[in-house]
Amino acid sequence: MLTGDRPAGRLHLGYYFGTLQNRARLQDLAVNTFMLIVDYQVLADRDVAENLSGNVEDLVLDYLAVGLDPAKSTIYSHSAVPALNQLLLPFLSLVSVAGLGRNPTIKDEIKHSQQSAVSGLMFTYPLHQAADMLFCKSNLVPVGQDQLPHLEFTRTIARRFNRRYGVGGDVFLEPEALLSSAPLLLGTDGGKMSKSRGNAIALADGADETARLIRGAKTDSIRHITYDPLVRPEVASLILLAALCQKLDPQDVAEEVGSGGSGELKKVVTESVNEHLAPIRARRAELGRDRSHLRDILKQGNQHANPIAERTLGQVREAMGTSY
Ligand code: TRP
């Protein structure tokens with residue numbers, strides 16, 4: 001299993017319930033797990049990545065806090081695995097410029113980009129992401145819905161490479177997406193939850209900050225609380241958050257609050273989030289005291305990933321007739 005994260009800030013609750021929990025579960029089922037910190041890809045939508053190494057360390061810290069274990073999972077970064085990056089060159093020969101431009105996720109990211117011009121990195125990053133997934137022959141990729149075009153693209157690249165060069169047998173597997181069954185959590189403003197939009201609760205936020213964010217969350221004017229994601233999306237998302245934290249059915253949470261209204265709902269949500277996150281936050285604070293330990297974990301992961309990438313690149317060069 002492989003998945004990747006951009007080191008662009010601390011991870012939030014939507015991410016935790018959407019994918020991190022699932023990864024920790026798979027890791028504990030002894031699935032061979034790779035967690036890639038995409039420190040090149042983070043440059044796709046900005047000129048300079050501020051505080052890059054600090055963000056990389058924070059990501060490692062979030063991983064550890066939620067139970068990802070470097071003894072079981074390989075945690076490593078793009079920039080430290082040269083053979084992975086070299087796969088990009090043969091892959092570039094397998095796609096047309098028009099084909100790159102058709103990717104709907106890229107189109108959306110270009111729209112929200114902080115840059116005035118689209119960089120070559122933005123345009124080609126799905127191909128880089130294909131290299132991420134293919135370098136270790138991953139067959140399972142836990143991702144959100146927005147990443148499905150990248151997975152389909154990666155499968156196409158694997159097929160094209162195999163067809164063009166795999167005379168002696170296929171070099172690449174076609175990975176499958178693993179979608180989380182947890183419904184989507186909204187940000188406190190009712191939009192997509194994102195740290196950069198100021199509407200997300202981070203794993204690392206304190207209990208008071210969590211209370212403040214939930215107090216300001218958007219609700220609606222109907223007093224009686226009911227769970228109705230289609231008609232009352234903001235209220236439903238708050239109910240869902242409490243339900244996920246307490247491992248309860250959202251309907252039951254809604255009935256419990258009932259005529260208590262949104263004030264009571266927010267109280268319940270704040271308490272359940274803070275209670276659920278307390279051990280994670282304590283672990284995070286404890287582990288965060290030793291930043292050099294975080295670096296060591298990355299070094300160890302890089303050391304594990306490099307020979308795997310070299311082996312795959314060796315097979316690619318062999319298939320292409322370029323292993324001199
Ligand atoms: N593009 C993904 C994101 O923005 C991150 C990512 C990079 C990724 N490489 C990956 C995800 C490989 C899954 C597999 O969140």
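Atoms within a ligand are numbered from 1 in the order they appear, just like the ligands themselves.
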Legend entry - Numbered atoms and elements of ligand 1 in range of Val143, under 4.0 angstrom, heavy atoms: 13 (C)

Inset, instruction - Check whether any N or O atom of His150, backbone or side chain, sits under 3.5 Å from an N or O atom of ligand 1, and answer yes or no. - result: no

Legend entry - ligand 1 atoms in contact with Val38 (distance to a heavy atom under 4.0 Å): 7 (C), 9 (N)

Inset, instruction - Please write down residue, atom name and distance for the protein heavy atom closest to atom 11 (C) of ligand 1. - result: Gly4 N, 3.3 Å

Inset, instruction - Take the angle between the ring planes of His304 and Phe34 and call it parallel below 30°, perpendicular above 60°, tilted in between. - result: parallel

Inset, instruction - Using a strict 4.0 Å cut-off to heavy atoms of Val141, name the atoms of ligand 1 that fall inside it. - result: 13 (C), 14 (C)

Legend entry - Distance from atom 2 (C) of ligand 1 to nearest protein heavy atom, with residue and atom: Gln147 OE1, 3.2 Å

Inset, instruction - For ligand 1, indicate whether the residue His128 contacts it via side chain, backbone, both or neither (heavy-atom separation under 4.0 Å). - result: neither

Legend entry - Donor-acceptor under 3.5 Å (Gln27 side chain, Asp69 main chain): yes

Inset, instruction - Verify the neighbour count for atom CG of Asp208: are there more than 12 heavy atoms of other residues, nucleotides or ligands below 6.0 Å? - result: no

Legend entry - Protein heavy atom at shortest distance from atom 4 (O) of ligand 1: Arg6 NE, 2.7 Å

Inset, instruction - Counting heavy atoms only, name the option from Ile37, Asp132, Leu151, Asp146 that's nearest to atom 9 (N) of ligand 1. - result: Asp132

Inset, instruction - If the plane angle is over 60° it's perpendicular, under 30° parallel, otherwise tilted; pick one for His128 and His78. - result: parallel

Inset, instruction - Any chance you could lay out the side chain to side chain contact (heavy atoms under 4.5 Å, CB included) test for Leu178 and Val143, step after step, and finish with the verdict? - result: CA-CA 6 Å; Leu178 181 70; Val143 281; over 6 Å; no

Inset, instruction - State if Thr3 counts as touching ligand 1 under the rule of any non-hydrogen atom under 4.0 Å. - result: yes

